[in-house]
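One structure is given here, and the rest of the page talks about it.
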Protein chains: 2
Amino acid sequence: MRDFAQDHRWLSINTATVRKQRGQDWPLPHILDACAARGIRAISPWRDQVAAAGLDAVARQVKALNLELSGYCRGGMFTYAAAASRQAVRDDNRRALDEACALNAACLVLVVGGLPGALDGKPAHRDIGAARAQVTEGIAALLEDARARAMPLAIEPLHPMQAAERACINTLEHALDLCDQLDPARSGALGVAVDLYHVWWDPKLAQQIARAGRERLLAFHVCDWLTPTRDLLNDRGMMGDGVIQIRQARGWVEAAGYAGFSEVEIFSEHWWSRPGDEVLDTCIARHRGVV
Amino acid sequence: MRDFAQDHRWLSINTATVRKQRGQDWPLPHILDACAARGIRAISPWRDQVAAAGLDAVARQVKALNLELSGYCRGGMFTYAAAASRQAVRDDNRRALDEACALNAACLVLVVGGLPGALDGKPAHRDIGAARAQVTEGIAALLEDARARAMPLAIEPLHPMQAAERACINTLEHALDLCDQLDPARSGALGVAVDLYHVWWDPKLAQQIARAGRERLLAFHVCDWLTPTRDLLNDRGMMGDGVIQIRQARGWVEAAGYAGFSEVEIFSEHWWSRPGDEVLDTCIARHRGVV
């Protein structure tokens, strides 16, 4: 297992973690400068942050700062109520792939979508089985585009508490079943993003990480589960402040062959209220001490 | 599949649903009278409510009103930090069994416990594997007491968002694995409580309900999952107000051999703020129209 205590060469910052500082938007170019100034070698930015700064400008800055992208957030949202939306979903995901390529990302992370409309509080129906069928179909179609661009797709199972609104793939086992169905050759074009926040509770976690193996383990995200958790979306904890056995899980993914970055992804009103520099320094310290 | 539209003979009220009305405690004797007055034939009371009214008095009232108990809430909380607590946990669960017997309950529902101390915001450790080992040991020991009293134990898998604080058994599959380990003969002494709020999201739900079968399906609880859900504990929805395919799931449990009550268990600040009579009438209407 790699020793993270000596340096933070394997730390990546998901830029949602510092999308705000002191409660105000922190523009992506500033985030990237602040990361590079600390010797952070990798990031994982969100599409809206990239769009706000301009794709070309971000691509130039990433290159100038010698940053890598441990992933690009995010594609997916494959479910729809009206058949007419299907093509729009695919087109949008193709654009996400193109952006991921322009930024030389390691993979495009997929948040697959839940019941259509549920995110706006108006679910069009209750048929989660139908939503899952649309997800399967959507990934199958996008996989062709992804292969053509040599950009791997990483299915991220989200916590079951987000099944209705954000993602109806909620366990690593389910995500890997989908991988086996759509990419039985384990080509590397399709895999998973293991975000411990979403899967830490799963009694089959170790088993499914081993099943995933090197070809399927495309990203590894860390934060922590707080007790109590006060919000279903924006109350994630800093590594070490909660109950997830992070180092144990890192041992599992490394034993399975993963040798990439450990990406900090924290959605937290608390951390968004703090100075961005403080948050990044804390991420580094916890990466060394806890992850 | 049974027709629930014509009457509500298979409705049971988990009394937590109306533990408060208009924001004030509603005493259990009043709840029981209000249920009986509506032709509700079954309830599932909580230990603290029974204790407040007195076990003997409640037992007499239940008998006088000809009420059945679809379950008794609850035993469990098997995890502990100090070894000295182990005997206290077992003793308390034996008392719960005795109360369940005095009330002639169909089963004792088990909420198995999470990380010790986490419910108070002070987890003693992060080792969910160790917590699960204590749960297995605790159920194994209690099972002897339960067999001696002919009182079935129903393991209730809780939603993964409650893994740290309330129950580290979070899927029906995990609960049934435990049943197979501790009661391989499928004697009827150990089974599961299927609460749709906790398991609706699971892609293996239908498969695991079929696996459970008649001998293991000891209770069936319903409410609904709201979008958005604003609280991890007390924002459950009334049947029909959320996204759970309740009737489909009832079809699965009945196909697997379950022929007992459909128990409404709603923890909701909203419904606790309403008049208790209104809540009970709504439960009856939704039981007929939605469940």
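Atom set for the values below is all heavy atoms of this structure, side chains included, hydrogens, waters and symmetry mates excluded. Quick note on labels: first sequence line is chain A, next is B, and so on, each numbered from 1.
- For the residue pair A:Thr227 and B:Ala118, the shortest heavy atom distance occurs at CB-O, 3.9 Å.
- Of the atoms belonging to B:Ile244, it is backbone heavy atoms, and not side-chain ones, that fall under 4.5 Å from chain A.
- Only the backbone of A:Asp231 comes within contact range of chain B, judged by heavy atoms closer than 4.5 Å.
- When all heavy atoms are compared, the tightest approach of B:Leu232 to A:Thr229 is CD1-O, 3.5 Å.
- Neither the backbone nor the side chain of B:Asp177 comes within less than 4.5 Å of any heavy atom in chain A.
- Heavy-atom pairs under 4.5 Å with chain B were tallied for A:His174, A:Arg230, A:Lys122, A:Arg132; the largest tally goes to A:Arg132.
- When heavy atoms are compared at a cutoff of 4.5 Å, B:Leu115 approaches chain A solely by way of its side chain, counted from C-beta outward.
- Interface check for chain B: of the options A:Gly114, A:Cys168, A:Gly129, A:Gly242, the most heavy-atom pairs under 4.5 Å are formed by A:Gly242.
- Residues from residues 202-212 of chain A that place a non-hydrogen atom less than 4.5 Å from a non-hydrogen atom of chain B comprise A:Asp202, A:Pro203, A:Lys204, given in numerical order.
- Below 4.5 Å, heavy atoms of chain B meet heavy atoms from A:His159, A:Pro160, A:Met161, all part of residues 155-162 of chain A.
- From A:Arg126, atom CZ reaches atom CH2 of B:Trp200 across 11.0 Å, with rounding to the nearest 0.5 Å.
- Within the 4.5 angstrom heavy-atom criterion, no atom of B:Gln248 approaches chain A.
- Heavy-atom neighbours of B:Arg86 CZ from other residues, nucleotides or ligands within 6.0 Å: at or below the threshold of 12.
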